[in-house]
Amino acid sequence: MLHATVEKLQHSLFGETPFARVLLVEQSDQGVGVPLYYFRYSSFQARPGLWLDDLYLIPAVRHQGMGTALMIHLVRIVQQVNCTHIAWTASVNNASGIRFYEKIGGTVLEQRQDLFYFQLDEASMRSLVHQGAIAAA
């Protein structure tokens, strides 16, 4: 059940202490998607990781490379702050999302009930950025 309200989102994302970050994906001056993410810290690694809590693109802009470009943008953020990885979950029923995540190099670490736990490690992130550079050339 969704409990988010505009007021709660404003407070938690744009208040005095932001708890997460969100990017607005635009095409032709229209909002078409958002990733919502935050950093988690590992005392074992003494480095943060990025948790991708939500990644959404409206159906009309899917399968156009925007999701890959967005993930590459997140990888660049991760590299700037020296994170170890990007992690997220996907519903086992989200077949197109799972195909996308596997295509960009995401690895399923485990399955718990109806969720797959994905990760992009440092090698996969470098590979994704390299593939993006080749595609852009």
Side-chain angles (χ1 to χ4, degrees):
M1 180 186 298
L2 182 64
H3 295 282
T5 64
V6 170
E7 293 79 18
K8 287 179 182 178
L9 289 169
Q10 286 175 335
H11 175 75
S12 60
L13 297 176
F14 306 108
E16 187 174 319
T17 304
F19 295 101
R21 298 174 186 195
V22 65
L23 303 172
L24 177 61
V25 181
E26 293 181 317
Q27 184 178 57
S28 303
D29 295 325
Q30 297 290 316
V32 296
V34 291
L36 184 134
Y37 65 95
Y38 54 89
F39 297 100
R40 304 183 307 172
Y41 187 76
S42 168
S43 59
F44 293 104
Q45 300 264 346
R47 292 171 57 199
L50 184 143
W51 180 261
L52 179 59
D53 200 61
D54 287 310
L55 175 63
Y56 181 77
L57 292 171
I58 64 170
V61 301
R62 294 177 188 168
H63 309 290
Q64 299 176 14
M66 195 174 293
T68 301
L70 185 54
M71 290 301 290
I72 290 170
H73 183 79
L74 290 173
V75 167
R76 290 190 174 123
I77 291 170
V78 161
Q79 291 171 333
Q80 288 174 355
V81 296
N82 196 28
C83 288
T84 58
H85 66 281
I86 299 175
W88 66 94
T89 60
S91 168
V92 297
N93 299 319
N94 183 358
S96 64
I98 292 166
R99 281 191 303 274
F100 167 72
Y101 296 137
E102 289 174 340
K103 180 182 136 198
I104 64 166
T107 302
V108 174
L109 297 179
E110 65 179 293
Q111 179 181 352
R112 287 191 211 156
Q113 298 175 355
D114 61 345
L115 292 176
F116 286 122
Y117 283 76
F118 276 91
Q119 178 174 295
L120 269 178
D121 62 16
E122 291 177 279
S124 297
M125 289 189 289
R126 283 190 302 274
S127 177
L128 179 59
V129 169
H130 180 71
Q131 291 171 15
I134 291 171

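Because the structure is a prediction, the values reported are computed rather than measured.
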CE on M125 to CZ on R76, rounded to 0.5 Å: 13.0 Å
Within-4.5 Å side-chain heavy-atom neighbours: F118 and I98: yes
Heavy-atom pair of closest approach, residues G15 and P18: O-CD, 3.6 Å
Heavy-atom closest contact (S124 atom, G105 atom, distance): OG-O, 3.5 Å
Interatomic spacing from CZ in F116 to OH in Y101 - rounded to 0.5 Å: 12.5 Å
Distance (rounded to the nearest 0.5 Å) between S96 OG and K103 NZ: 11.5 Å
Side-chain cluster (under 4.5 Å, hydrophobic types only) that Y117 belongs to, other residues: Y38, W51, L115
Sub-4.5 Å side-chain heavy-atom contact between I104 and I72: no
Any L50 side-chain heavy atom under 4.5 Å of V81 side chain: no
Exercise: identify the closest heavy-atom pair between G33 and L57: CA-CD2, 3.9 Å
Contact summary for T84 and E122, nearest pair of heavy atoms: O-CG, 3.2 Å
L55 CG to I86 CD1 distance, which is reported to the nearest 0.5 Å: 10.5 Å
Hphob cluster co-occupancy, L24 + L9, side-chain heavy atoms under 4.5 angstrom: yes
Side chain to side chain, R112 and T89, heavy atoms closer than 4.5 Å: no
Shortest non-hydrogen separation from A46 to Y41 and the atoms involved: CA-OH, 3.1 Å
Shared hydrophobic cluster, I58 / L52 (ILVMFWY, side-chain heavy atoms < 4.5 Å): yes
Within 6.0 Å of CZ in R21, more than 12 heavy atoms from elsewhere: no
Sub-4.5 Å side-chain heavy-atom contact between F100 and R62: no
Heavy-atom side-chain contact between H73 and I77 under 4.5 Å: yes
Cluster overlap V108 with L128, hydrophobic side-chain contacts below 4.5 Å: yes
R126: partners by salt bridge (charged side-chain N to carboxylate O under 4.0 Å, His left out), with sequence neighbours left out: none
Sidechain-backbone polar pair: S28 side chain, Q30 backbone, donor-acceptor under 3.5 Å: no
Close side-chain approach of P35 and V25, heavy atoms under 4.5 Å: yes
Under 3.5 Å donor-acceptor, Q111 side chain and Q113 backbone: yes
Flag side-chain contact, heavy atom, 4.5 Å: H85 against R40: yes
V22, L23, V78 screened by side-chain contact (heavy atoms from CB on, under 4.5 Å) with Y37, the one that passes: L23
